[in-house]
Protein chains: 2
Amino acid sequence: MTSTMKVLSNASNYGLRALLYIVSRERGGDAYISLGEISEELDISFHFLTKTMQLLTQGGILVSYRGPNGGIALKRPAEEIMLIEVVKILEGKDFFDTCMLGLEGCDDCNPCPVHHLWREIKGKVKHDFATTSLAMMGQRINEQNLRLIP
Amino acid sequence: MTSTMKVLSNASNYGLRALLYIVSRERGGDAYISLGEISEELDISFHFLTKTMQLLTQGGILVSYRGPNGGIALKRPAEEIMLIEVVKILEGKDFFDTCMLGLEGCDDCNPCPVHHLWREIKGKVKHDFATTSLAMMGQRINEQNLRLIP
DNA sequence: AATAAATAAGACAAAATAGTCTGAAATCCG
DNA sequence: CGGATTTCAGACTATTTTGTCTTATTTATT
Ligand code: SF4
Ligand code: SF4
């Protein structure tokens, strides 16, 4: 029993929360932000977060810099990074293409009994993630003072 | 990497598919249907399916009968069994109450940054599962000849 | 050059999920 | 009664996910 409707893995949760922390934190210029700070602020295991962020670095979302005052930073403008890209890196490219009953070889012509329900839901999730940028989220977080921790 | 947007556990997948198989299969009266048949028809591990269906029996969805020509059957009319009840038994009662970033102590007044997106999605999922009965699904499956296997 | 601060890499462990197997109990039928 | 068929119960294993730890590498500072 999972006991919660878990759509994203913990890795994705952490990755998204970390990115949202970065974009929501106002900062002078393009300074790097350390994984230590993020893991502490968001109360996420440092090493696990590190592994996750490495995937995002390898995936072209982040750049990293070692040494004192090093850390990570967005590789591209926050306006250009959509949530869907992040999730695809952390969950897999076809994350948004399959689904509820987990059957294979699905399309609209060969649907399972819940496809009509799932199609809508999946469509909305995919659309939301594809049209929401990190910049939009950062602005929203600051304007409405939203939280990233329990 | 999960690589698929997995909302339900395998146990729920199997449980739902098994129930849908039962309601879609036209049959004389209220005969029991054996787990062996279901596991074979749906290509699901017999023992794993057995454990899952036991949860549904204990949860008041099914009745079972041992011995030759025994098996399982719906305890109540298919019209009265909503999908949400099945999922709550197999995933946990609060399955439909939490979500995407997996934070705690959430409500609309204390939202995380993706709450506005998730609220809608979660609402639709919950609504769909709460208003769809096994009978509706069975009828749909037969009318449109929908599949329960890959 | 030495030290410290930071990410990179990957081995390792723990926990959750998924799946397998064996034996017991109930039931039918001959 | 005795054997066949079926669910029930629970131990056991395997796989995936999650988390921890250790070591190496890069960079800045003194
Ligand atoms: S038919 Fe649709 S809902 Fe069903 S398993 Fe395939 S993609 Fe998912
Ligand atoms: S605020 Fe809403 S979307 Fe965010 S973790 Fe809580 S219930 Fe989920």
Side-chain angles (χ1 to χ4, degrees), chain A residues 1-18 22 31-75 87 90-92 95 101-102, chain B residues 1-18 22 31-40 42-59 61-75 87 90-92 95 101-102:
Chain A
M1 291 210 222
T2 313
S3 184
T4 72
M5 178 158 47
K6 187 174 188 168
V7 174
L8 300 174
S9 68
N10 285 9
S12 293
N13 282 353
Y14 300 161
L16 279 177
R17 284 168 61 205
I22 293 173
Y32 291 102
I33 185 167
S34 80
L35 292 169
E37 173 184 337
I38 301 176
S39 80
E40 204 168 305
E41 288 296 323
L42 299 185
D43 198 32
I44 298 171
S45 150
F46 172 77
H47 288 101
F48 194 57
L49 179 64
T50 292
K51 288 201 303 188
T52 302
M53 299 319 261
Q54 275 174 30
L55 290 175
L56 295 182
T57 302
Q58 291 158 5
I61 301 283
L62 298 171
V63 289
S64 65
Y65 200 83
R66 305 193 211 190
N69 302 313
I72 58 176
L74 295 184
K75 184 171 188 179
V87 173
L90 297 178
E91 301 277 351
F95 178 73
L101 287 191
Chain B
M1 292 212 218
T2 314
S3 183
T4 72
M5 180 156 47
K6 186 174 190 167
V7 175
L8 300 173
S9 67
N10 284 10
S12 294
N13 282 353
Y14 300 161
L16 279 177
R17 284 168 59 204
I22 293 173
Y32 292 102
I33 184 167
S34 80
L35 292 170
E37 173 184 338
I38 300 176
S39 79
E40 202 167 307
L42 300 184
D43 197 30
I44 298 171
S45 149
F46 171 78
H47 289 100
F48 194 57
L49 180 66
T50 291
K51 288 203 304 190
T52 301
M53 299 318 262
Q54 275 174 31
L55 290 174
L56 295 181
T57 302
Q58 291 158 5
I61 301 283
L62 298 171
V63 289
S64 65
Y65 201 83
R66 306 193 209 189
N69 301 314
I72 58 177
L74 295 184
K75 185 171 186 178
V87 173
L90 296 178
E91 300 278 350
F95 178 74
L101 287 191

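For the numbers below, each heavy atom of this structure counts, side chains included, while hydrogens, waters and symmetry mates do not. Every chain is numbered from 1 and lettered A, B, ... according to where its sequence line falls, protein lines coming before strand lines.
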| request: Fit a plane to each ring of A:Phe48 and A:Tyr14, take the angle between them on a 0 to 90° scale, and name the class: parallel (under 30°), tilted (30 to 60°) or perpendicular (over 60°). | output: perpendicular
| query | Is the shortest heavy-atom distance from the side chain of B:Leu56 to the side chain of B:Leu90 under 4.5 Å? | reply |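 In short, these two side chains touch, coming nearer than 4.5 Å.
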In whole Å, what is the span from the [atom1] atom of [X] to the [atom2] atom of [N]?
X: A:Leu55; N: C:dA8; atom1: CG; atom2: P; answer: 11 Å
X: B:Phe46; N: D:dT5; atom1: CZ; atom2: P; answer: 13 Å
X: A:Asn10; N: C:dT17; atom1: CG; atom2: P; answer: 11 Å

| said: I want to verify a distance call: between C:dA8, D:dA9, C:dG19, whose nearest atom is closest to the B:Ser45 side chain? | reply: C:dG19
| request: Please tell me which of the listed nucleotides, D:dC8, D:dT7, C:dA6, lies nearest to the side chain of A:Ser34? | output: C:dA6
Closer than 4.0 Å, any side-chain N/O of [X] to the OP1 or OP2 of [N]?
X: A:Gln58; N: C:dA9; answer: yes
X: A:Tyr32; N: C:dT7; answer: no
X: B:Tyr14; N: C:dA18; answer: no

| request: Please confirm whether any donor atom in the side chain of A:Lys51 sits under 3.5 Å from an acceptor in the base of D:dG19, or the reverse. | output: yes
| B/S/- contact track for nucleotides 22-30 of chain D, protein heavy atom under 4.0 Å | B--BBBS--
